[in-house]
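Step one of this worksheet: look at the structure below.
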Amino acid sequence: MQPKRKSFLGTIFRGLFFGQREVMSMMEEEQIQSPTRTIARNFFARKLTKIGLAFFTLMLLIVIILPFFFPLDEAFFDTTMGNRRPSFNMMRFPRALDNGNAAYISAGSGFGVGVTQAGNVHVWGQTGLTGLDQIPAPMGRVIQVSAGMDHALALNAHGQVFTWGNPNFNLPNIPPDIQGRTIYVAAGVQYSAALTDDGIVHVWGNDGVMRANINPRLQAGRPARHIVANITTVMLLLEDNTIMHLSPRQPAIGEFPDWIQGQIVDIALTDGTGAALLMDGTVVAWGDITAESIHVPDHIQGRVVEIDGGRWHFTAILDDGSLYSWGNNFFGQLNVPTISNAAYIFPGFHHNYVIDTNGNIRTWGLNGFLMGSDELGRDVFVRFLSAGRISMTVGVIAVIIAAFIGITLGGISGYFGGKIDMFLMRFSEIWGSIPFLPLAILLSHIIGRNLGQIGRLIVIMVVLGILTWPALFRLVRGQLLQARENEYVIAARALGVTELRIIFKHIFPNIISVISVWLALNLAGSMLTESTLSFIGFGVSEPTPSWGNMLTGANNTIVLRQFWWRWIFPAIALTTVTLSINIIGDGLREAIDPRAQER
């Protein structure tokens, strides 16, 4: 009875996950094993080869599958979230604030500030780079706080203002005439604002932003009772239920409907839009017509009792104690928790806090980045996944192009010989003598500079392919010169088989294992070359990511020391993937060459 034959895929699966544990019977050993199965057995006999194959397969699946769950928006950036280290602690508020102890909360860019009922201040989240964890003391009993991009304000019960965090842009220089008279504070991006007991707004901070764009003199003696701030704008809610806009830099926010004046009970701002809550519970929004936050949902109209805004979204408390958010949802700002007893809301840049009637705190929104963020506030993890897919795709397509040219020309040259062989050999020698990297840079720059991103990717793949085929050409040619004198080739000629059929049907199946070694090793080389071109600015260009252009920041000493997460993850991935490919190639070479097993 013939023993049961085992499939080639089954051999690979068992070798990869269970090792070569089975012992063949005497009848199986006596059978002539196919070359492919023999190569597979020899290949999986080495543990290092199995590790390399497993890691490469895992990385390939990760960069192919995960981008569908973490899609990349190449147009998105947010400098307020720039250079955030890997963490998930942006909303991890202290226990001292929970269970009815929180009096006020403010959400900044990656951090939060809270005040307890006793007037004590707590800070959490990412606070290290700008000294946000260095809370001034003593401040007395604090009644209100406000968090900006990288600084915070505190107001105590005696009307005194305190600030800490970013020491630049004139932020620490609080106007002395507001001390003891302030009733509300608001922190923006590189500026601060305070409302004094006479209804006048005072602004200080970055002179280049504030003096040119926010003009408190527009108030002209009209007292305000509330202020809100965004990245460059201060808006006032006046005592007569009207609003005033103090920043000509964002004229769209200043173009609110005149008919709402005198009916406004609350106001809120995002970076591009403003919103007013009217006496009848309806909300009116205006500003940037392309912003999603300008579209107020119809089903909440007439039910809103409080409104506040973050960077790109609004959050409202409805008359039944529930919450609703609308606008942009890049970081889950709209994923509000199910709640029916909300008392106070505190939306921030990208995360939100709500205190319910029992004094408990609920949070939602951006809690952090798995691999941190880059200088433009883009998620490094999301870019890492898309970059891996692009880098591997470029490498694979380049190898396919090189393989097609090298195998075709090498097969023709090695089989036919003579003048054809002489011509193709001289041509490959001339082509191979051209300096690779300078020519790749030149072709990429000249051909790709006027193309879009997809066109540039195609150019890079083609350039890498057409510049790397000579090595495979010589390998195939040498194999064909040897194989064409074998008996099975002579027999095929005698039977009248066509020359092309002999080359590709009879000879190539016997040398494909040698070619596969070259393909595996050259894949790693193509990925490294693409990364080199992207690193020096002649490959894949921003905003499309590749592991090469993600490493560009590594040529800056500040990035190397302080923002290590921007380069360490693509560097590790590129190194380990290319190393895995080389291990696979070495494993194939030893599995194919029996003499390598004896060394």
Okay, side chain of Ser146, backbone of Ala187: is any donor-acceptor separation there less than 3.5 Å? yes
Tell me every residue that passes side-chain hydrogen bond (donor to acceptor under 3.5 Å, both in side chains) with Asp78, counting only those two or more places apart in sequence or in another chain. Thr80, Arg311, His350
Taking the six-membered ring where the residue is Trp, are the ring centres of Tyr104 and Phe346 under 6.0 Å apart? yes
Does the pair Arg362/Asp356 count as a salt bridge with the N-to-O cut at 4.0 Å? no
Under a 3.5 Å distance rule, please check whether Trp326 uses its side chain to pair with a backbone N or O of Thr315 as donor and acceptor. no
Atom CZ of residue position Phe55 - does it have more than 12 heavy atoms of other residues, nucleotides or ligands inside 6.0 Å? yes
Side-chain heavy atoms of Thr79 within contact of Leu376, under 4.5 Å: yes
Begin from the C-alpha positions of Asn367 and Arg92 and carry the test side-chain hydrogen bond (donor to acceptor under 3.5 Å, both in side chains) through to its verdict. CA-CA 8 Å; Asn367 198 25; Arg92 193 177 299 166; over 6 Å; no
Taking CZ in Phe77 as the centre, count heavy atoms belonging to other residues, nucleotides or ligands within less than 6.0 Å. Is the count above 12? no
Does some side-chain heavy atom of Leu323 sit less than 4.5 Å from a side-chain heavy atom of Ser325? no
So, for Tyr184 and His226, is the gap between ring centers shorter than 6.0 Å? yes
I'd like to know if Asp197 pairs up with Arg181 as an ion pair, taking the criterion as any Lys NZ or Arg NE/NH1/NH2 lying under 4.0 Å from an Asp or Glu carboxylate oxygen. yes
Heavy-atom neighbours of His158 NE2 exceed 12 at 6.0 Å: no
Where the side chain of Ser106 meets the backbone of Ala147, is there a donor-acceptor pair that is under 3.5 Å apart? yes
